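Following: one structure in structure tokens, then a few remarks.
Throughout, a chain's letter reflects where its sequence line sits, starting with A, and its residues are numbered from 1. What you are looking at is a predicted structure, and each value in this text was computed from that prediction instead of being measured.
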Amino acid sequence: MKKIIQAVKGTRDFYPAEKAVITFLYQTIREVSESFGYQEYDGPFLESIDLYAAKSGEELVKEQSFVFPDKSGNLIALRPELTPSLVRMIAQKQRQLHFPLRWWSFGPFWRYESPQKGRGREFFQWNADLIGAASPEADAELAALLASLFRKLGLGPDQVQVYVNNRRLMEEELRVMGIPDGLHEIVFKIIDRRDKLADQDWQAYALDLGLDGKQFSAVQGLLEDRELWKKSPELPRFFEAVDALGAADYVAYAPRIIRGLDYYTGTVFEAQAVSSTVRRSVAGGGRYDNLMADVGGDPLPGVGFAMGDMVLSVILKELDLLPPDRDASPARVMVTVFSEDTLLASYQLAAELRAAGLDVYSYPTPEKLGKQFKHADRVGARLALVQGPDEIKAQAVAIKDLASGEQKTYPRSEAAGAIRELLDKPPAA
RNA sequence: GCGAGAGUAGCUCAGUGGUAGAGCUCCGCACUGUGGAUGCGGCUGUCGCGGGUUCAAAUCCCGUCUCUCGCCCCA
């Protein structure tokens with residue numbers, strides 16, 4: 001084999017079967033987003049590094065972004081997330097937009113990380129945001145939107161859950177426990193790692209980061225309190241609204257959910273697979289009430305989430321929830337070419353059928369019919385049409401159903417109708 | 001950045017020092033107006049790359065690159 005330049009690490013080649021998965025997700029996401037009244041938008045794929053420097057969190061900007069200088073020396077980043085672009089876009093047109101607004105987006109993002117299962121360096125992300133409403137009910141709508149996608153994809157509440165917590169609640173609790181404000185970020189980091197470490201290791205980690213024994217057991221107790229949400233002024237309303245939206249089965253309280261991004265201010269949530277070979281979150285989001293003011297806009301509350309395509313795809317594949325026949329030709333009908341002399345007649349026939357609204361392709365060269373039938377079968381066509389000298393003489397077309405093996409000859413004028421009928425029939429077993 | 005595993009035909013992989021293999025795919029024929037099934041035949045390799053040990057290396061050693069999985073972090 002000749003040397004082939006390798007694909008860039010962490011990127012994927014989207015052969016038709018893989019591209020079909022992305023398209024399927026995009027379509028399903030569009031349907032769900034639009035059913036909640038969200039409008040599609042997008043930001044640039046390239047952004048100034050300064051956009052992220054402010055608020056995205058050190059790690060994300062310094063370690064995980066693809067950054068390069070342009071010809072004038074400005075540092076440009078391939079977008080690692082969308083929220084900062086969204087916030088800028090809104091700040092720029094704040095007076096022209098009608099709030100609250102609901103926007104969604106689906107596009108590529110880049111992060112410089114080491115690739116592994118469910119994670120690459122180039123991935124797609126669904127973003128949905130509701131800007132200009134500060135209520136817990138608005139938070140609930142986003143959680144319900146996420147749950148609706150799962151339901152639509154065929155993922156049940158026993159397979160994926162949206163876990164919810166509230167940062168203000170956690171901060172208040174820490175304060176009550178006598179943990180100084182300066183330690184809160186550290187405690188959040190400790191909580192965030194609860195699931196990833198064994199009990200002993202987790203305790204050691206916590207003490208190592210500066211908690212004393214008493215504070216540690218207090219934090220431990222906090223994480224075991226399944227009823228903690230009742231102390232929040234927001235979460236009871238949140239859960240009532242989730243229930244009203246019909247998504248209660250997908251949404252649960254989990255005190256361990258904190259989220260890494262610095263800009264979250266209130267309710268945060270994270271979707272996780274209940275049982276899967278990927279122990280990685282499917283989606284994450286939350287409320288960010290200060291972000292708009294931080295980038296220089298008028299203060300405006302917002303809530304939103306992002307969902308990557310990679311973990312979701314792994315789960316859908318594991319549960320066999322991806323659409324079948326992803327590698328099949330979109331044309332279910334192939335016109336064979338009998339001979340050099342009849343080639344153009346076959347092309348005409350194909351064009352005629354396309355004009356009648358069918359998806360049809362013609363074999364491009366006069367090969368042996370056997371080879372052409374085999375090709376039709378392999379690429380997933382349902383019907384193979386033959387128009388040889390006999391058919392041309394009789395103004396007819398022979399149509400073979402490759403699924404049943406049955407073949408009939410129809411007058412050419414009736415071909416389109418006959419094809420439609422045959423395609424509607426379920427393939428014989 | 002750290003740790004582990006893997007790189008052999010287009011694909012999946014076997015091959016633990018002695019002539020580089022299998023299955024699938026592909027191509028041809030049986031079957032020149034008809035696919036799937038079957039049978040027969042055929043094509044395809046710097047054994048990731050570089051060095052070392054040896055009479056002899058896909059195999060042992062060293063280095064290196066890439067991929068996969070995990071850690072970190074996160075979608």
Just call it for [X]: base, sugar-phosphate, or nothing, with non-hydrogen atoms closer than 4.0 Å on any strand.
| X | result |
| --- | --- |
| V311(A) | nothing |
| A376(A) | nothing |
| D390(A) | base |
| G285(A) | nothing |

For [X] and [N], give me the distance from atom [atom1] to atom [atom2], rounded to whole Å.
| X | N | atom1 | atom2 | result |
| --- | --- | --- | --- | --- |
| L146(A) | A75(B) | CG | P | 13 Å |
| I399(A) | U34(B) | CD1 | C1' | 15 Å |
| R79(A) | C74(B) | CZ | P | 20 Å |
| Q116(A) | U66(B) | CD | P | 17 Å |
| K368(A) | G35(B) | NZ | C1' | 13 Å |
| I190(A) | C72(B) | CD1 | C1' | 16 Å |
| E367(A) | C26(B) | CD | P | 15 Å |
| R119(A) | U68(B) | CZ | C1' | 13 Å |

Between F373(A) and A306(A), just flag the one whose closest nucleotide in RNA chain B comes earlier from the 5' side.
->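 Per heavy-atom nearest nucleotide, the more 5' residue is F373(A).
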When both hydrogen-bonding distances must be under 3.5 Å and the geometry is Watson-Crick or G-U wobble, what is [N] paired with, if anything?
| N | value |
| --- | --- |
| G42(B) | C26(B) |
| G17(B) | none |
| U68(B) | A4(B) |
| C60(B) | G52(B) |
| C73(B) | none |
| A9(B) | none |

Compare side-chain N and O positions of R378(A) against OP1 and OP2 of U25(B) and report whether any pair is under 4.0 Å apart.
->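 No.
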Determine whether a donor-acceptor pair (one donor, one acceptor, N or O, separation below 3.5 Å) exists between the side chain of [X] and the base of [N].
| X | N | answer |
| --- | --- | --- |
| E113(A) | A75(B) | yes |
| K400(A) | G35(B) | yes |
| R111(A) | C73(B) | no |
| Q372(A) | U34(B) | no |
| E391(A) | G33(B) | yes |

Let's see if you can work this out: which of [options] has an atom nearest to the side-chain heavy atoms of [X]?
| X | options | value |
| --- | --- | --- |
| Q64(A) | A75(B), G33(B), C73(B) | C73(B) |
| S114(A) | G33(B), C73(B), C71(B) | C71(B) |
| F338(A) | G33(B), G35(B), C26(B) | G33(B) |
| R259(A) | C74(B), G1(B), G35(B) | C74(B) |
| M310(A) | A75(B), G33(B), C26(B) | A75(B) |
| K9(A) | A75(B), C67(B), G36(B) | C67(B) |
| P115(A) | U68(B), G35(B), A75(B) | U68(B) |

Are the ring of F123(A) and the six-membered base ring of A75(B) within the stacking cut-offs of under 5.5 Å and under 30°?
-> yes
Closest heavy-atom pair and its distance - [X], [Y]:
| X | Y | result |
| --- | --- | --- |
| Q161(A) | A252(A) | OE1-CB, 3.7 Å |
| P100(A) | A133(A) | CB-CB, 4.2 Å |
| G284(A) | Y264(A) | O-OH, 4.2 Å |
| Y361(A) | A331(A) | CD2-CB, 3.7 Å |

What integer number of Å spans the [atom1] atoms of [N] and [M]?
| N | M | atom1 | result |
| --- | --- | --- | --- |
| U46(B) | U8(B) | P | 11 Å |
| C2(B) | U54(B) | P | 34 Å |
| A37(B) | C31(B) | C1' | 13 Å |
| A9(B) | C49(B) | P | 11 Å |
| G51(B) | U25(B) | P | 39 Å |
| G35(B) | C47(B) | C1' | 37 Å |
| C11(B) | G18(B) | C1' | 30 Å |
| G48(B) | A14(B) | P | 13 Å |

Any cation-pi pair here, R12(A) with F14(A), using under 6.0 Å and within 45°?
-> no
Under 6.0 Å from the CG atom of D158(A), do we count more than 12 heavy atoms belonging to anything else shown?
->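 For D158(A), atom CG is crowded (more than 12 foreign heavy atoms under 6.0 Å).
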Side-chain H-bond candidate by donor/acceptor type, E367(A) with Q372(A), under 3.5 Å = no
Mutual orientation of the aromatic rings belonging to F124(A) and F106(A) [parallel < 30°, tilted 30-60°, perpendicular > 60°] = parallel
